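Remarks on the structure that follows.
Bear in mind that the values here come from a model prediction, so they are computed numbers and not experimental data. Residue indices begin at 1 and follow the sequence shown.
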Amino acid sequence: MLINFFYTLRAAKLPVSVKEFLTLLEAMKAGVIDTSVDQFYYLARTSLVKDEAHFDKFDRAFGAYFKGVEMLADFTKEVPLEWLRKNLELELSPEEKAKIEKMGWDELMETLKKRFEEQKERHEGGSKWIGTGGTSPFGAYGVNPQGIRIGQDKGRNKSAVKVWDQRAYKDYDDTLELGTRNIKVALRRLRRFAREGAAEELDLEDTIHCTAANAGMLDIKLVPERHNKVKVLLLMDVGGTMDEHIHRVEELFSAAKNEFKHLEFYYFHNCVYDFMWKNNRRRYSEKTPTWDIIRKYNKDYKLIFVGDATMSPYEILQPGGSVEYNNEEPGAEWLQRLTNAFPKYAWINPEPQGVWQYRQSISVIQQLTNHRMYPLTLAGLEGAMRLLSK
(Lines give C-alpha, C1' and ligand atoms only; values in the text may rest on other atoms or scores of the structure.)
Protein backbone atom coordinates (compact mmCIF):
# COMPACT_ATOMS: atom_id res chain seq x y z
CA MET A 1 0.00 0.00 0.00
CA LEU A 2 2.64 2.55 1.01
CA ILE A 3 5.05 1.51 -1.73
CA ASN A 4 2.44 2.59 -4.26
CA PHE A 5 1.89 5.79 -2.28
CA PHE A 6 5.63 6.51 -2.58
CA TYR A 7 5.49 6.04 -6.36
CA THR A 8 2.41 8.28 -6.52
CA LEU A 9 4.38 11.10 -4.89
CA ARG A 10 7.29 10.58 -7.27
CA ALA A 11 4.89 10.62 -10.22
CA ALA A 12 3.61 13.98 -8.96
CA LYS A 13 7.18 15.36 -9.35
CA LEU A 14 7.78 15.52 -5.61
CA PRO A 15 11.47 15.12 -4.66
CA VAL A 16 10.85 12.30 -2.18
CA SER A 17 13.86 10.15 -1.35
CA VAL A 18 13.98 6.50 -0.29
CA LYS A 19 15.64 7.55 2.97
CA GLU A 20 12.73 9.85 3.81
CA PHE A 21 10.27 7.10 2.94
CA LEU A 22 12.08 4.67 5.27
CA THR A 23 11.91 7.32 8.01
CA LEU A 24 8.13 7.41 7.55
CA LEU A 25 7.90 3.62 7.81
CA GLU A 26 10.04 3.61 10.97
CA ALA A 27 7.80 6.23 12.56
CA MET A 28 4.71 4.15 11.79
CA LYS A 29 6.37 1.01 13.11
CA ALA A 30 7.20 2.86 16.33
CA GLY A 31 3.52 3.70 16.78
CA VAL A 32 3.91 7.47 16.45
CA ILE A 33 0.36 7.65 15.05
CA ASP A 34 -2.73 5.47 15.13
CA THR A 35 -4.67 4.36 12.05
CA SER A 36 -6.19 7.78 11.31
CA VAL A 37 -5.51 9.01 7.79
CA ASP A 38 -5.50 12.57 9.13
CA GLN A 39 -2.59 11.72 11.42
CA PHE A 40 -0.85 9.83 8.64
CA TYR A 41 -1.21 12.90 6.40
CA TYR A 42 0.66 15.12 8.86
CA LEU A 43 3.30 12.49 9.60
CA ALA A 44 3.87 11.81 5.90
CA ARG A 45 4.09 15.50 5.04
CA THR A 46 6.57 16.09 7.86
CA SER A 47 8.71 13.11 6.87
CA LEU A 48 8.62 13.43 3.09
CA VAL A 49 8.23 17.12 2.21
CA LYS A 50 11.14 19.37 3.11
CA ASP A 51 10.11 22.46 1.15
CA GLU A 52 6.89 24.40 1.76
CA ALA A 53 6.71 25.13 -1.96
CA HIS A 54 5.79 21.46 -2.53
CA PHE A 55 2.91 21.33 -0.01
CA ASP A 56 0.23 21.81 -2.67
CA LYS A 57 1.64 19.06 -4.90
CA PHE A 58 1.72 16.79 -1.86
CA ASP A 59 -1.92 17.61 -1.00
CA ARG A 60 -3.05 16.81 -4.52
CA ALA A 61 -1.11 13.54 -4.69
CA PHE A 62 -2.27 12.51 -1.21
CA GLY A 63 -5.89 13.34 -2.02
CA ALA A 64 -5.77 11.38 -5.26
CA TYR A 65 -4.31 8.30 -3.58
CA PHE A 66 -6.34 8.27 -0.37
CA LYS A 67 -9.57 9.69 -1.75
CA GLY A 68 -12.45 8.53 0.43
CA VAL A 69 -10.29 6.69 2.94
CA GLU A 70 -10.87 7.51 6.62
CA MET A 71 -8.74 4.82 8.28
CA LEU A 72 -5.58 2.92 7.46
CA ALA A 73 -6.74 -0.64 7.99
CA ASP A 74 -4.27 -3.06 9.54
CA PHE A 75 -5.15 -6.42 8.02
CA THR A 76 -2.53 -8.24 10.09
CA LYS A 77 -4.44 -7.90 13.36
CA GLU A 78 -7.47 -9.89 14.41
CA VAL A 79 -10.71 -7.95 14.58
CA PRO A 80 -13.09 -9.42 17.23
CA LEU A 81 -16.49 -9.97 15.72
CA GLU A 82 -18.13 -8.89 18.97
CA TRP A 83 -16.33 -5.56 18.70
CA LEU A 84 -17.59 -5.17 15.15
CA ARG A 85 -21.11 -6.03 16.25
CA LYS A 86 -21.09 -3.30 18.89
CA ASN A 87 -19.18 -0.55 17.11
CA LEU A 88 -19.74 -0.77 13.37
CA GLU A 89 -22.75 1.25 12.29
CA LEU A 90 -25.19 -0.14 9.77
CA GLU A 91 -26.16 2.69 7.48
CA LEU A 92 -29.44 1.10 6.52
CA SER A 93 -32.98 2.27 6.04
CA PRO A 94 -35.84 0.11 7.40
CA GLU A 95 -36.28 -1.37 3.93
CA GLU A 96 -32.57 -2.20 3.73
CA LYS A 97 -32.63 -3.76 7.18
CA ALA A 98 -35.34 -6.07 5.95
CA LYS A 99 -33.18 -7.07 2.99
CA ILE A 100 -30.20 -7.90 5.20
CA GLU A 101 -32.21 -10.61 6.90
CA LYS A 102 -31.81 -12.62 3.70
CA MET A 103 -28.09 -12.87 4.46
CA GLY A 104 -28.28 -12.82 8.26
CA TRP A 105 -26.01 -11.06 10.71
CA ASP A 106 -23.91 -14.11 11.55
CA GLU A 107 -23.28 -14.91 7.92
CA LEU A 108 -22.40 -11.27 7.27
CA MET A 109 -19.85 -11.30 10.12
CA GLU A 110 -18.33 -14.58 9.01
CA THR A 111 -17.94 -13.33 5.44
CA LEU A 112 -16.28 -10.16 6.71
CA LYS A 113 -13.82 -12.20 8.75
CA LYS A 114 -12.88 -14.25 5.69
CA ARG A 115 -12.37 -11.11 3.64
CA PHE A 116 -9.97 -9.75 6.25
CA GLU A 117 -7.98 -12.98 6.05
CA GLU A 118 -7.91 -13.07 2.26
CA GLN A 119 -7.35 -9.41 1.42
CA LYS A 120 -3.68 -8.40 1.16
CA GLU A 121 -3.83 -4.80 -0.08
CA ARG A 122 -5.84 -1.60 -0.28
CA HIS A 123 -8.82 -1.79 -2.63
CA GLU A 124 -11.02 0.87 -4.17
CA GLY A 125 -14.18 0.16 -6.09
CA GLY A 126 -15.50 -3.27 -7.01
CA SER A 127 -18.04 -5.55 -5.41
CA LYS A 128 -16.09 -7.94 -3.16
CA TRP A 129 -13.10 -6.60 -1.21
CA ILE A 130 -13.08 -4.30 1.81
CA GLY A 131 -12.37 -0.84 0.51
CA THR A 132 -13.73 2.47 -0.62
CA GLY A 133 -16.36 3.14 -3.25
CA GLY A 134 -17.87 0.28 -5.20
CA THR A 135 -20.69 -2.02 -4.12
CA SER A 136 -18.95 -4.34 -1.66
CA PRO A 137 -20.88 -4.91 1.61
CA PHE A 138 -17.75 -3.92 3.54
CA GLY A 139 -15.92 -0.60 3.51
CA ALA A 140 -16.64 3.06 3.14
CA TYR A 141 -18.11 5.50 0.61
CA GLY A 142 -19.73 2.78 -1.44
CA VAL A 143 -23.30 1.68 -2.13
CA ASN A 144 -24.67 -1.63 -0.85
CA PRO A 145 -28.00 -2.25 0.95
CA GLN A 146 -26.44 -5.02 3.07
CA GLY A 147 -23.20 -3.21 3.99
CA ILE A 148 -20.98 -2.71 6.99
CA ARG A 149 -19.35 0.70 7.02
CA ILE A 150 -15.64 0.47 7.96
CA GLY A 151 -13.57 3.57 8.60
CA GLN A 152 -16.34 6.05 7.84
CA ASP A 153 -17.59 7.77 10.97
CA LYS A 154 -20.50 9.55 9.29
CA GLY A 155 -22.56 9.32 6.17
CA ARG A 156 -21.02 10.68 3.02
CA ASN A 157 -23.43 13.58 2.76
CA LYS A 158 -22.34 14.91 6.16
CA SER A 159 -18.65 14.00 6.36
CA ALA A 160 -16.06 16.72 6.80
CA VAL A 161 -13.77 17.88 4.01
CA LYS A 162 -10.25 16.63 4.61
CA VAL A 163 -7.17 18.77 4.84
CA TRP A 164 -5.75 17.49 1.59
CA ASP A 165 -9.04 18.18 -0.20
CA GLN A 166 -9.01 21.75 1.09
CA ARG A 167 -5.47 22.14 -0.24
CA ALA A 168 -4.60 24.68 2.39
CA TYR A 169 -1.27 25.26 0.68
CA LYS A 170 -2.56 25.60 -2.87
CA ASP A 171 -0.96 29.05 -3.24
CA TYR A 172 2.46 27.40 -3.06
CA ASP A 173 2.05 26.00 -6.57
CA ASP A 174 5.09 27.37 -8.39
CA THR A 175 3.04 28.03 -11.53
CA LEU A 176 0.97 30.66 -9.73
CA GLU A 177 1.63 34.31 -9.14
CA LEU A 178 2.58 35.24 -5.63
CA GLY A 179 0.82 36.43 -2.51
CA THR A 180 2.64 37.91 0.47
CA ARG A 181 2.89 34.53 2.24
CA ASN A 182 4.35 32.86 -0.86
CA ILE A 183 6.86 35.65 -1.38
CA LYS A 184 8.12 35.24 2.19
CA VAL A 185 8.70 31.54 1.53
CA ALA A 186 10.73 32.33 -1.59
CA LEU A 187 12.72 35.16 -0.01
CA ARG A 188 13.83 32.88 2.83
CA ARG A 189 16.22 31.22 0.38
CA LEU A 190 18.32 34.38 0.63
CA ARG A 191 18.50 34.54 4.42
CA ARG A 192 21.80 34.20 6.24
CA PHE A 193 21.60 34.20 10.02
CA ALA A 194 24.12 35.40 12.60
CA ARG A 195 23.84 36.14 16.30
CA GLU A 196 24.09 39.75 17.32
CA GLY A 197 23.02 42.12 20.11
CA ALA A 198 22.52 41.45 23.80
CA ALA A 199 22.59 37.88 25.12
CA GLU A 200 18.91 37.35 25.87
CA GLU A 201 17.95 34.14 24.08
CA LEU A 202 18.15 30.80 25.92
CA ASP A 203 20.91 28.47 24.75
CA LEU A 204 19.23 25.20 25.70
CA GLU A 205 22.08 22.84 24.75
CA ASP A 206 24.73 24.85 26.64
CA THR A 207 22.40 25.25 29.63
CA ILE A 208 21.89 21.48 29.89
CA HIS A 209 25.64 20.82 29.53
CA CYS A 210 26.65 23.41 32.15
CA THR A 211 23.89 22.33 34.58
CA ALA A 212 25.06 18.71 34.35
CA ALA A 213 28.67 19.79 34.86
CA ASN A 214 27.57 21.83 37.88
CA ALA A 215 26.20 18.78 39.74
CA GLY A 216 22.64 19.48 38.76
CA MET A 217 22.50 23.11 39.88
CA LEU A 218 20.74 25.14 37.22
CA ASP A 219 23.18 27.20 35.16
CA ILE A 220 21.26 29.19 32.55
CA LYS A 221 23.21 30.25 29.46
CA LEU A 222 22.06 32.96 27.09
CA VAL A 223 23.15 33.90 23.60
CA PRO A 224 22.39 36.89 21.33
CA GLU A 225 19.29 36.57 19.17
CA ARG A 226 19.76 35.35 15.63
CA HIS A 227 19.12 37.94 12.91
CA ASN A 228 19.11 37.77 9.16
CA LYS A 229 22.35 39.41 8.06
CA VAL A 230 21.50 39.66 4.36
CA LYS A 231 21.49 43.25 3.04
CA VAL A 232 19.12 44.10 0.20
CA LEU A 233 18.92 47.19 -2.00
CA LEU A 234 15.47 47.21 -3.64
CA LEU A 235 14.89 49.52 -6.63
CA MET A 236 11.25 49.61 -7.79
CA ASP A 237 9.72 50.98 -10.97
CA VAL A 238 6.60 53.03 -10.25
CA GLY A 239 3.89 54.68 -12.36
CA GLY A 240 2.81 54.25 -15.98
CA THR A 241 2.54 50.63 -17.07
CA MET A 242 3.48 49.51 -13.55
CA ASP A 243 0.10 50.68 -12.24
CA GLU A 244 -1.51 47.37 -13.20
CA HIS A 245 1.08 45.55 -11.07
CA ILE A 246 0.72 47.71 -7.94
CA HIS A 247 -0.88 45.02 -5.78
CA ARG A 248 1.75 42.36 -6.41
CA VAL A 249 4.67 44.77 -6.07
CA GLU A 250 3.20 45.98 -2.77
CA GLU A 251 3.05 42.34 -1.62
CA LEU A 252 6.67 41.84 -2.61
CA PHE A 253 7.70 45.03 -0.81
CA SER A 254 5.78 44.04 2.34
CA ALA A 255 7.30 40.56 2.38
CA ALA A 256 10.82 41.91 1.82
CA LYS A 257 10.47 44.37 4.72
CA ASN A 258 9.36 41.49 6.93
CA GLU A 259 12.12 39.08 5.90
CA PHE A 260 15.16 41.38 5.71
CA LYS A 261 16.37 43.47 8.62
CA HIS A 262 18.78 45.36 6.38
CA LEU A 263 16.56 46.59 3.53
CA GLU A 264 17.03 49.85 1.64
CA PHE A 265 14.64 50.88 -1.13
CA TYR A 266 14.24 53.57 -3.80
CA TYR A 267 11.84 54.28 -6.64
CA PHE A 268 12.46 55.05 -10.31
CA HIS A 269 10.27 55.39 -13.37
CA ASN A 270 10.72 53.06 -16.37
CA CYS A 271 14.53 53.10 -16.27
CA VAL A 272 17.10 54.22 -13.71
CA TYR A 273 18.78 57.54 -14.40
CA ASP A 274 20.84 60.01 -12.37
CA PHE A 275 18.41 60.22 -9.44
CA MET A 276 15.84 58.17 -7.54
CA TRP A 277 13.47 58.88 -4.64
CA LYS A 278 11.87 57.36 -1.51
CA ASN A 279 8.57 59.26 -1.42
CA ASN A 280 6.47 59.33 -4.58
CA ARG A 281 4.54 62.40 -3.49
CA ARG A 282 7.75 64.39 -3.19
CA ARG A 283 9.67 62.74 -5.99
CA TYR A 284 10.68 66.04 -7.59
CA SER A 285 11.61 67.86 -4.39
CA GLU A 286 13.37 65.06 -2.52
CA LYS A 287 15.63 63.42 -5.07
CA THR A 288 18.52 61.12 -4.17
CA PRO A 289 21.39 61.17 -6.69
CA THR A 290 22.14 57.70 -8.00
CA TRP A 291 25.83 58.34 -7.46
CA ASP A 292 25.11 58.84 -3.75
CA ILE A 293 23.33 55.48 -3.62
CA ILE A 294 26.28 53.77 -5.29
CA ARG A 295 28.72 55.36 -2.83
CA LYS A 296 26.58 54.84 0.28
CA TYR A 297 26.04 51.08 0.06
CA ASN A 298 28.88 48.62 -0.28
CA LYS A 299 29.17 45.55 -2.48
CA ASP A 300 27.71 43.13 0.05
CA TYR A 301 24.23 44.50 -0.70
CA LYS A 302 22.09 42.33 -3.00
CA LEU A 303 20.61 44.55 -5.69
CA ILE A 304 17.04 43.73 -6.81
CA PHE A 305 15.30 45.68 -9.58
CA VAL A 306 11.52 45.35 -9.75
CA GLY A 307 9.95 46.61 -12.97
CA ASP A 308 8.10 45.55 -16.10
CA ALA A 309 10.91 46.90 -18.36
CA THR A 310 8.17 48.08 -20.71
CA MET A 311 9.03 51.40 -22.37
CA SER A 312 10.45 52.88 -25.53
CA PRO A 313 13.95 51.56 -26.22
CA TYR A 314 15.01 55.21 -26.54
CA GLU A 315 14.39 55.63 -22.80
CA ILE A 316 17.14 53.10 -22.19
CA LEU A 317 19.62 53.83 -24.95
CA GLN A 318 19.52 57.56 -25.71
CA PRO A 319 20.41 60.75 -23.80
CA GLY A 320 17.21 62.75 -23.36
CA GLY A 321 15.18 59.58 -23.85
CA SER A 322 13.30 59.87 -20.55
CA VAL A 323 9.64 60.77 -20.86
CA GLU A 324 9.87 62.97 -17.76
CA TYR A 325 12.97 65.11 -18.17
CA ASN A 326 16.05 65.66 -20.30
CA ASN A 327 18.48 63.09 -18.97
CA GLU A 328 22.09 63.81 -19.88
CA GLU A 329 23.16 60.16 -19.93
CA PRO A 330 21.21 57.15 -21.20
CA GLY A 331 19.60 54.78 -18.71
CA ALA A 332 21.85 51.98 -19.96
CA GLU A 333 24.86 53.81 -18.53
CA TRP A 334 23.27 53.97 -15.09
CA LEU A 335 22.22 50.34 -15.22
CA GLN A 336 25.82 49.43 -16.02
CA ARG A 337 27.13 51.49 -13.09
CA LEU A 338 24.68 49.93 -10.65
CA THR A 339 25.37 46.35 -11.71
CA ASN A 340 29.11 47.00 -11.55
CA ALA A 341 28.77 48.46 -8.04
CA PHE A 342 26.62 45.55 -6.81
CA PRO A 343 27.82 42.33 -8.46
CA LYS A 344 24.99 40.25 -6.98
CA TYR A 345 21.87 41.54 -8.68
CA ALA A 346 18.66 40.36 -10.34
CA TRP A 347 15.66 41.91 -12.11
CA ILE A 348 12.13 40.79 -11.12
CA ASN A 349 9.55 41.39 -13.86
CA PRO A 350 5.80 41.27 -13.01
CA GLU A 351 4.87 41.05 -16.70
CA PRO A 352 3.89 37.50 -17.82
CA GLN A 353 6.97 35.79 -19.20
CA GLY A 354 5.09 34.81 -22.35
CA VAL A 355 5.03 38.42 -23.58
CA TRP A 356 8.69 39.19 -22.95
CA GLN A 357 9.75 38.18 -26.45
CA TYR A 358 7.36 40.73 -27.96
CA ARG A 359 8.75 43.72 -26.00
CA GLN A 360 11.90 45.20 -27.47
CA SER A 361 12.69 47.11 -24.27
CA ILE A 362 12.53 43.90 -22.21
CA SER A 363 15.05 42.31 -24.56
CA VAL A 364 17.36 45.31 -24.14
CA ILE A 365 17.12 45.21 -20.33
CA GLN A 366 17.78 41.46 -20.37
CA GLN A 367 20.97 42.01 -22.32
CA LEU A 368 22.10 44.84 -20.02
CA THR A 369 21.51 42.67 -16.94
CA ASN A 370 23.20 39.54 -18.32
CA HIS A 371 19.79 37.82 -18.63
CA ARG A 372 19.27 37.91 -14.87
CA MET A 373 15.58 38.68 -15.32
CA TYR A 374 13.00 36.52 -13.53
CA PRO A 375 9.17 36.52 -13.59
CA LEU A 376 7.20 37.44 -10.47
CA THR A 377 6.10 33.86 -9.79
CA LEU A 378 7.15 31.54 -7.00
CA ALA A 379 9.52 29.63 -9.30
CA GLY A 380 10.90 32.86 -10.75
CA LEU A 381 11.48 34.50 -7.39
CA GLU A 382 13.11 31.38 -5.98
CA GLY A 383 15.41 31.29 -9.01
CA ALA A 384 16.42 34.89 -8.37
CA MET A 385 17.08 34.19 -4.68
CA ARG A 386 19.23 31.17 -5.54
CA LEU A 387 21.27 33.35 -7.88
CA LEU A 388 21.74 36.08 -5.28
CA SER A 389 22.70 33.61 -2.55
CA LYS A 390 25.65 32.19 -4.51
Side-chain angles (χ1 to χ4, degrees), residues 8-17 20 41 44-46 48-64 163-193 228 230 232-237 242 244-260 263 265 302-310 344-357 359 362 365-366 369-390:
T8 298
L9 297 180
R10 294 295 291 267
K13 307 299 182 183
L14 281 158
V16 180
S17 69
E20 291 165 345
Y41 163 80
R45 198 184 74 189
T46 301
L48 305 176
V49 185
K50 303 304 180 186
D51 190 334
E52 292 170 299
H54 298 306
F55 278 179
D56 182 52
K57 288 181 181 178
F58 178 79
D59 283 356
R60 283 182 284 179
F62 192 99
V163 175
W164 54 90
D165 287 331
Q166 292 175 336
R167 288 174 59 197
Y169 295 92
K170 61 184 177 181
D171 290 340
Y172 284 130
D173 190 329
D174 62 12
T175 63
L176 300 179
E177 294 173 352
L178 301 176
T180 303
R181 182 185 66 179
N182 312 71
I183 295 173
K184 289 179 181 179
V185 172
L187 294 182
R188 285 169 193 163
R189 294 187 179 277
L190 190 56
R191 294 184 300 181
R192 185 179 71 251
F193 287 99
N228 189 359
V230 170
V232 175
L233 178 59
L234 187 64
L235 306 182
M236 295 175 285
D237 185 4
M242 282 296 292
E244 62 186 271
H245 306 298
I246 286 176
H247 178 65
R248 285 192 294 142
V249 174
E250 284 179 340
E251 289 180 329
L252 174 60
F253 187 28
S254 174
K257 289 177 71 176
N258 182 269
E259 290 298 320
F260 303 119
L263 174 70
F265 69 92
K302 319 286 187 181
L303 176 60
I304 302 176
F305 298 94
V306 180
D308 60 6
T310 299
K344 295 191 175 182
Y345 64 88
W347 187 295
I348 307 298
N349 194 332
E351 279 287 290
Q353 196 168 7
V355 306
W356 290 7
Q357 60 182 316
R359 307 274 172 83
I362 292 181
I365 293 291
Q366 282 185 301
T369 57
N370 265 336
H371 295 276
R372 297 186 184 186
M373 183 177 287
Y374 297 84
L376 190 51
T377 62
L378 181 57
L381 194 49
E382 288 185 336
M385 296 307 104
R386 279 193 294 268
L387 173 69
L388 293 175
S389 63
K390 292 180 179 178

### Task
Kindly check if the number of other-residue, nucleotide or ligand heavy atoms within 6.0 Å of NZ (K257) is above 12?
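Counting other residues, nucleotides and ligands, NZ of K257 stays at 12 neighbours or fewer.
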### Message
By the definition side chain to side chain donor-acceptor pair (under 3.5 Å), identify the one residue from E250, H245, E251 that meets it with H247.
### Response
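Going through the options one by one, the only one that passes is E251.
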#### Entry: Donor-acceptor under 3.5 Å (N349 side chain, E351 main chain)
yes
How long is the span from the [atom1] atom in [X] to the [atom2] atom in [Y], to the nearest 0.5 Å?
X    : Y    : atom1 : atom2 : result
L381 : R386 : CG    : CZ    : 10.0 Å
L263 : N258 : CG    : CG    : 11.0 Å
F62  : Y41  : CZ    : OH    : 8.0 Å

### Task
Using side-chain hydrogen bond (donor to acceptor under 3.5 Å, both in side chains) as the criterion, list what pairs up with Q366, not counting sequence neighbours.
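Scan of Q366 (side-chain hydrogen bond (donor to acceptor under 3.5 Å, both in side chains), adjacent residues dropped) gives none.
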### Task
Any chance you could lay out the side-chain contact (heavy atoms from CB on, under 4.5 Å) test for F58 and V16, step after step, and finish with the verdict?
CA-CA 10 Å; F58 178 79; V16 180; over 6 Å; no
Quick check: closest heavy atoms across [X] and [Y], and the distance to 0.1 Å?
X    : Y    : answer
P375 : Q353 : CG-OE1, 3.4 Å
M242 : D308 : SD-N, 3.3 Å
K57  : A12  : CD-O, 4.0 Å
G307 : P350 : O-CD, 3.4 Å

Check whether any side-chain heavy atom of [X] lies under 4.5 Å from a side-chain heavy atom of [Y], and answer yes or no.
X    : Y    : value
Y374 : L387 : yes
K302 : F260 : no
I304 : M385 : yes
L233 : Y345 : no
V230 : L388 : no
K50  : P15  : no
L14  : L48  : no

### Message
Holding to ring pair (Phe, Tyr, Trp, His ring centres under 6.0 Å), I want the full list of residues that pass it with F305, two or more places apart in sequence or in another chain.
### Response
W347
### Task
Dump the intermediate steps for side-chain contact (heavy atoms from CB on, under 4.5 Å) on W356 and M373, then the final yes or no.
CA-CA 10 Å; W356 290 7; M373 183 177 287; 3.7 Å; yes
